[in-house]
Amino acid sequence: MNKLTPSQWKVVNRPYEPASTLKVIAGPGSGKTLTLLYKVLHLVTVENIKPEEILIFSLTNKAVDNIIENLLSVFEDSHTDRDNIKQIGCYTVHGLANKIVVENEGMINIIEEIGWRGLMKLLPPSKRTPHHFRSYKELEKVVKDYKLNGGRKNNPVIAKLVKLMDNCKVMTNDDLIIRAKKYLELDHSQSDTSSSFTQDLQKKYKVVLIDEFQDLYPSLAPLITIICKGKQLIMFGDTNQSIYEFLGNNSHIMSQLDNLHPKHSTTVLKLFDNFRSTPEIISLASNIINRPLIEKQVIDDTDVTPSELVRKLPSGVLPQLASFDNLAAESEFIVDKITQLICSSVRFSDIAILSRTNSHLTTLANVLRKYGIPYQKLKSQPDWMDDLRIQFLLDIMKVCSLASDEKHSREFNTGAKWQSDFSILVTMSAIKGVGDASIQALYKACGLKNLSIWKYLTMVPNFEWPLGLSIKKKIENYTSNLYEMIENDQVHQLDDPMELLEKVSNIASSLNLNPIYLQSIGDSQSLSEFKTHLQEMAQVMKVSKSNKPPGISFVKWFLETYFDQTMVFHQANQALQTTGPGTIKLSTIHSAKGLEFPIVFLTNGNTSNFPMDTNALYVGMTRARNLLYICNMKHQKIVSKPSSYSKHIMSNDFFWTYYNKDLNRSTFGAKMAYGYNLQRYNHLRKNFGFYRAYSSMNCCKRILKRI
DNA sequence: AGAGTGATAATTTTT
DNA sequence: TTATCACTCT
């Protein structure tokens, strides 16, 4: 095993010691993940730590997936049982918190956009009060503030909302963390359940590894400290790559973690070498974060870097900075460059386009599709999950399922604990003409009678409803549409996913919803988008149906598990797409953290004028191995000129030899092919109609098939 | 009424 | 960094 450098070995060989901290500072391309994996291997094979005593966590799904994916291969040569290795706990912080909370409370709901929109309707109508919000995001922020400061602000309106959320088990992601911490603090020693997840966290684990510590933020601190206290804490990260500052200050939680264990058992190590990027790219990136190139003097004499592990040699090609007046020009530049690259033996899968926003990526994706260039969006969630219309359908299912359950518990009226209320409020306020005033009046009336909204609507005669005539009609329509599903338990009897979906869609379509939930009307592109999303959800429903255990109704099973199942399904789908001719990867800079690509296009879009965050820019740049293009970057350190047309890169023999060697590809046949490549490129360029704005898409598709 | 001031959001993730 | 809102002052 001479895969590691001395500085990496130093980390791996650091002995196990309870109640200690090992902090590893690992810059981009320094082999952080590899070191982490070998550290785990070392713990199991040398230090005799059992796999089930190791807990690894990180903030993003991608980082966690990355580790899980590679764990097995690292253990391949050791004589450890595969099933045994799977005992290693590997979670996102929120995934872990979710697991704890669900184990202790049963099914919960994470609030989404549609939920906040519903809650907005419960606010007083006056526009001049502090309760008036421009968007649901402001409300989200205020509620967060309220929860953070406890009741200190004493805002009765927000307090009411929070109470409603509590009763309906509706949580924000921050709530997950707080609640998880609460359950970990409880003493479970008297409890008879012998091995719950909560207890495992309290007792079983000996070593906790944190990947990407720079992503942690203060509100996670209480949970993380309680998990790590007394264990060996090993954390990897790089403050320069801290791009989640908008969630809270990273240094605050880091100082807490640094002081978790006594000074004498806290060690800081550093991984030096950058094996990823060319000196040209590193130089520019280091300049961005005001840091000279990796200095020789920081390497002490016990850590001499052997000559075969020095950084990469110069590639002879500088990162290209370009600016454009409009989005079309930028797109054209990117497509033109891609064409040049593809004609120079680059594969589609070598290229990544990184941007700061998802919306800009969507724009770029449409451009690529126009030119028939294969692409793939790297997203942890499929698109349909943040489609409001889909969220609405899911909420209708929730209403049916929850209200139907509560119907049976009618006798045991245990106070205001009606989980269905939240989903009812959300769905009802999506109806056209049902405004804040009616929702509030109705909700108040229910509170007076101490009934759930559904019970109120079905039991109290409608002349008592505190509503205007036209609203009454609308609400009656709502009730009667849902009546069969709930009162006759139809929702639980529908065993066939497609029947359920059809039924729910029928309800939605007869409700006369607000335009925002029905964007599909009159817009064919949006309609086909909705169709695709619906089909994707239907697929997950079918999968869910196939693994449903007996003794539970399909809706219930689906609602409880659809999130996890979707993630698994989505991941499998993405993996599937990587085979074949390859695809260009589209990703936000945030999602691309931890990944690397031979060629990177970094773009800021042209619409927004506010500058790029320095660390985000740094992360984006350091994703590139060999070639970096930066478009329309707004940053003090970047001076970009309007780009002039050049096909220089195609004839750069030295670079292409370098490139193929870097990727372990044969250069046979690539040399002397410049003439042929150029001919191919010119042909494509003509057909694409570059420098004449957009061309017709049909001819492009035809041409690209020949590549 | 219309000009001027000051505060703040826009974007990124987590089930 | 810019756009927009709420509010104040003349």
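Labels below follow one simple rule: chain letters A, B, ... track the order of the sequence lines, proteins then strands, and each chain is numbered from 1.
Scanning for ring pair (Phe, Tyr, Trp, His ring centres under 6.0 Å) contacts around A:Phe601 gives A:Tyr629, with sequence neighbours left out. By the ring pair (Phe, Tyr, Trp, His ring centres under 6.0 Å) test, A:Phe569 pairs with no residue at all, sequence neighbours left out.
Comparing B:dT15, B:dT11, B:dT13 by their closest approach to the side chain of A:Thr588 singles out B:dT13. Out of B:dT13, B:dT14, B:dT11, the shortest distance to the side chain of A:His590 is found at B:dT13. Looking at the side chain of A:Phe246, the nearest of the listed nucleotides B:dT11, B:dT12, B:dT14 is B:dT12.
Atom CD in A:Glu140 sits roughly 15 Å away from atom P in B:dT14 (whole-Å rounding). Taking atom CG of residue A:Asp65 and atom C1' of nucleotide B:dT14, one finds them 13 Å apart after rounding to whole Å. Here B:dT12 presents its P atom at 14 Å from CG of A:Leu354, a figure rounded to the nearest Å. The interatomic distance linking A:Lys377 (NZ) with B:dT12 (P) rounds to 12 Å, in whole Å. Across the protein-nucleic acid pair, A:Asp215 atom CG and B:dT13 atom P stand 12 Å apart, rounded to whole Å. In this structure, A:Asp386 atom CG and B:dT12 atom P are separated by 10 Å, rounded to whole Å. The CD atom of A:Glu112 sits 13 Å away from the P atom of B:dT14 (whole-angstrom rounding). When rounded to the nearest whole Å, the span between CG of A:Leu176 and P of B:dT13 equals 18 Å.
A donor atom on one side chain and an acceptor atom on the other are not found under 3.5 Å apart for A:Asn173 and A:His94.
Nucleic acid contact for A:Asp613: none, since no nucleic acid atom lies under 4.0 Å from a heavy atom of the residue. Residue contacts for A:Leu59: at a heavy-atom cut-off of 4.0 Å it reaches the sugar-phosphate backbone alone, with no base atom in range. Here A:Glu212 lies out of heavy-atom contact (under 4.0 Å) with every strand. If you check every strand for non-hydrogen atoms under 4.0 Å, A:Lys379 touches nothing. Residue A:Asp174 is out of contact with every strand shown, counting any heavy-atom pair closer than 4.0 Å. Base contact: A:Phe563 has a heavy atom under 4.0 Å from a base atom.
Note on A:Lys141: every side-chain N or O is 4.0 Å or more away from OP1 and OP2 of B:dT8. Phosphate proximity of B:dT15 to A:Asn61: present, with a side-chain N or O under 4.0 Å from OP1 or OP2. Put simply, A:Asn615 has no side-chain N or O that comes within less than 4.0 Å of OP1 or OP2 on B:dT12. At the phosphate of B:dT15, OP1 or OP2 sits under 4.0 Å from a side-chain N or O atom of A:Thr92.
Nucleotides B:dT11 and C:dC5, compared at atom P, are 15 Å apart to the nearest Å.
A side-chain donor-acceptor contact under 3.5 Å links A:Ser58 to the backbone of A:Asp211.
Of the two residues contacting DNA chain B, namely A:Ile243 and A:Asn109, the nearest-nucleotide position lying further toward the 5' end is that of A:Ile243.
At least one test fails for A:Lys99 against the ring of A:Tyr91: distance under 6.0 Å to the centre or angle within 45° of the axis.
Within 6.0 Å of atom NZ in A:Lys141, 12 or fewer heavy atoms from other residues, nucleotides or ligands are found, so the atom counts as exposed in its surroundings.
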